[in-house]
Amino acid sequence: MRNREVARALKEIALLLEVEGKDKFKPRAYRRAMRAITSLGEDIEAIAKRDELTEIPGVGKAIAEKISSFLETGKIDLLERLRERVPVKVMELEAVPGVGPKTIKLVYDELGVTDLDLLEKAAEEGRISDLKGMGKKTEDQIKEGIQLVRVGLERKLLSEAMAVCEPIELYIAEIPGVRKVVTTGSLRRRRETVGDLDILVDAEDAAKVMDAFVVYEKVTDVSAKGSTKSSIRLEGGFQVDLRVIPSDSFGAGLQYFTGSVDHNVRLRAIAQNAGLKLNEYGLFRGEEKVAGSDEAEIYSILGLDYVPPELRENKGEIEAAQQGELPELIEHDDIRGDLHTHTDASDGSNTIEEMLDAADARGFEYFCISDHTQSLTIANGMDEARLQKCIEEIDDLNASGRWKPTILKGAEVDILADGSLDIEDEVLAQLDVVTVSIHSRMKDSKEVMTDRVCHALENKYVHVLGHPSGRLLLKRPEFEIDLERVFEVAKSNRVLMELNAAPSRLDLNAGNLRAARRMGLKVAINTDAHKIHELDFMSYGVYQARRGWLTKEDVVNTLPLKKLMRVLSK
DNA sequence: GCCGTTTTCGGCCCGACTGTTTTCAGTCG
């Protein structure tokens with residue numbers, strides 16, 4: 001996937017145009033296209049190949065040509081020319097909090113600053129505070145910002161962000177006079193990774209909330225404190241914004257701060273066309289507020305069904321909501337079991353009994369044990385003989401009647417270099433759920449990888465393709481693979497796609513899930529738990545499924561056992 | 001540069017906060 005590279009190039013063009021300062025709408029257009037591509041979820045090269053770049057909102061003929069050029073040659077003429085005219089490392093300067101295009105232009109024009117080192121030098125020498133419109137405080141802020149960039153402000157996994165968020169929400173909830181605390185932004189939309197927290201508060205006394213918020217124990221820096229809005233940084237640089245919104249505007253605030261930006265821009269345009277105005281305080285006709293306290297009411301007045309936060313990405317949810325065609329998204333309670341878990345028979349941490357106790361405690365109706373197979377030696381993968389023993393052990397455990405969930409016999413079988421499997425068919429034939437996964441040769445070319453996976457899916461004993469894209473969020477990109485072809489082969493061989501719920505994977509991504517759904521493929525949401533507490537990853541899987549527009553009907557582990565077994569008996 | 005149930009030309013989201021300003025520009029979300 002080269003989406004990120006393309007987005008980066010467009011952003012650099014936008015910034016350079018802004019620094020040049022000739023036209024302020026052109027850079028805005030490039031930024032809009034950049035945002036659309038960032039949240040695409042589908043491989044932009046595939047879209048380019050289909051000649052459908054201009055279907056991306058914000059991408060017209062001119063930008064489409066530049067994207068094509070970038071994909072083919074790695075270059076964009078305009079960008080090259082801009083870099084010559086404005087030889088400034090805009091991307092690294094822009095990363096400094098508090099520094100935007102205008103500041104970049106100023107320090108470049110007046111001080112010849114072209115990169116982070118020169119910016120730091122200028123700040124250290126006090127030359128920035130001498131500039132018009134700049135002062136000592138701004139200079140100090142820039143110095144601190146440079147340190148933050150150097151430390152590396154990165155996004156957090158959704159799971160980590162939620163772990164940071166929870167105690168802060170509790171802390172705020174206990175401030176006297178606080179009526180409601182909701183975290184909005186990308187966390188509420190359940191994005192895979194989160195850059196900062198946006199907390200919304202309904203309280204009697206805003207000032208009291210602000211005072212308490214900025215002295216939260218883990219605060220290292222207060223970057224803003226006003227009467228309704230404050231920003232802090234936590235240890236490690238994670239930013240948390242807090243807003244206090246009046247009760248009768250709380251729903252509008254929720255809507256506004258949940259975003260996404262593009263979803264909100266569309267919504268405000270719909271309001272405008274209806275002679276209304278939408279902002280974080282409410283929906284207004286002239287001076288009169290027609291909605292504000294209730295988020296759903298805003299959608300309703302604008303003629304839309306309520307759009308769940310996970311869908312608010314301007315990816316067709318507005319149109320669907322207008323036509324009453326939003327899918328009824330899967331809920332956590334729909335899940336009846338987990339089809340991919342590990343025990344200490346391979347690289348899991350808990351015994352099969354411990355895992356079963358945990359599954360029982362979670363009220364599962366069925367539970368599949370699927371340890372690794374022999375090629376994954378590092379994970380103590382099983383050969384046929386050990387797997388055979390496992391199968392017999394599970395028969396005994398089921399017979400014991402000790403656990404409520406029916407224990408399903410499974411394995412996570414390795415796909416070898418040539419696409420064959422590392423366990424003999426006669427053993428696979430005895431398993432209830434055969435999941436196949438790639439764990440090796442992840443740098444294979446797209447062609448080879450796609451052939452490998454498709455070949456594996458043609459084995460008649462295979463039920464599920466595990467973590468189909470192989471990515472590790474913030475760590476490892478997806479491997480090169482033509483998922484569209486994989487989906488087709490899966491469909492004709494009645495193979496299910498896994499949505500791996502591990503928060504570091506969330507594999508498939510939302511765009512892939514939608515594509516799979518469109519093709520009529522069924523999905524299994526699995527935790528891939530290696531420890532008992534990882535069974536709780538299921539929530540992240542459900543969030544991701546919702547982001548991928550999946551309904552209960554699209555997900556096989558919402559089925560009662562009998563129906564599930566019918567799906568699995570190919 | 002993009003886009004259109006007012007428009008193929010003429011618009012382009014907007015409010016809070018900060019800092020450096022006596023009334024506003026820049027950044028951020």
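Worth saying up front: this structure is predicted, and the values here are computed from it rather than measured. Chain A is the first sequence line, chain B the second, and so forth, proteins listed ahead of strands; every chain is numbered from 1.
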B:dC13 OP1/OP2 closer than 4.0 Å to side-chain N/O of A:R28: yes
Interatomic distance, A:L17 CG vs B:dG1 P [rounded to whole Å]: 8 Å
Within-4.5 Å side-chain heavy-atom neighbours: A:L158 and A:Q544: no
Whole-Å gap separating P (B:dC14) and OH (A:Y256): 9 Å
Side-chain N or O of A:Y30 closer than 4.0 Å to phosphate OP1/OP2 of B:dC12: no
Geometric class of the A:Y299/A:Y306 ring pair [parallel <30°, tilted 30-60°, perpendicular >60°]: perpendicular
Interatomic distance where CG belongs to A:D262 and C1' belongs to B:dC12 [whole Å]: 14 Å
Pi stacking test for A:F25 and B:dC12: under 5.5 Å apart, planes under 30°: yes
Length of the line joining A:K137:NZ and B:dA25:P, which is rounded to integer Å: 21 Å
Rounded distance in Å - CD (A:E55) to C1' (B:dC2): 15 Å
Touch class at under 4.0 angstrom, heavy-atom based, for A:K132 against every strand present: nothing
Separation of the C1' atoms in B:dC12 and B:dT18, to the nearest angstrom: 26 Å
Paired nucleotide for B:dT8 [Watson-Crick or G-U wobble; both distances under 3.5 Å]: none
Closest-nucleotide ordering on DNA chain B, the 5'-leading residue of A:G58 and A:E139: A:G58
Spacing of A:I128 atom CD1 relative to B:dG26 atom P, expressed in whole Å: 16 Å
B:dT6 versus B:dC2 - spacing of their P atoms, nearest Å: 23 Å
Whole-angstrom distance between B:dC13 and B:dG19, as gauged at atom C1': 24 Å
Touch class at under 4.0 angstrom, heavy-atom based, for A:T228 against every strand present: sugar-phosphate
Test log, rule side-chain contact (heavy atoms from CB on, under 4.5 Å), inputs A:L111 and A:L131: CA-CA 9 Å; A:L111 305 173; A:L131 298 174; 3.7 Å; yes
Of A:F257 and A:K136, the one whose closest DNA chain B nucleotide lies more 5': A:K136
Touch class at under 4.0 angstrom, heavy-atom based, for A:P27 against every strand present: nothing
Phosphate OP1/OP2 of B:dC14 contacted by A:Q272 side-chain N/O (<4.0 Å): yes
Sugar-phosphate only, base, or nothing, as touched by A:Q239 at under 4.0 Å among non-hydrogen atoms: sugar-phosphate
Selected nucleotide, minimal atom distance to A:A62 side chain, candidates B:dC2, B:dC17, B:dA16: B:dC2
Whole-Å gap separating C1' (B:dG11) and CG (A:N273): 13 Å
Length of the CG-C1' vector between A:D140 and B:dT18, whole Å: 14 Å
Any A:K66 side-chain nitrogen or oxygen under 4.0 Å from OP1 or OP2 of B:dG1: yes
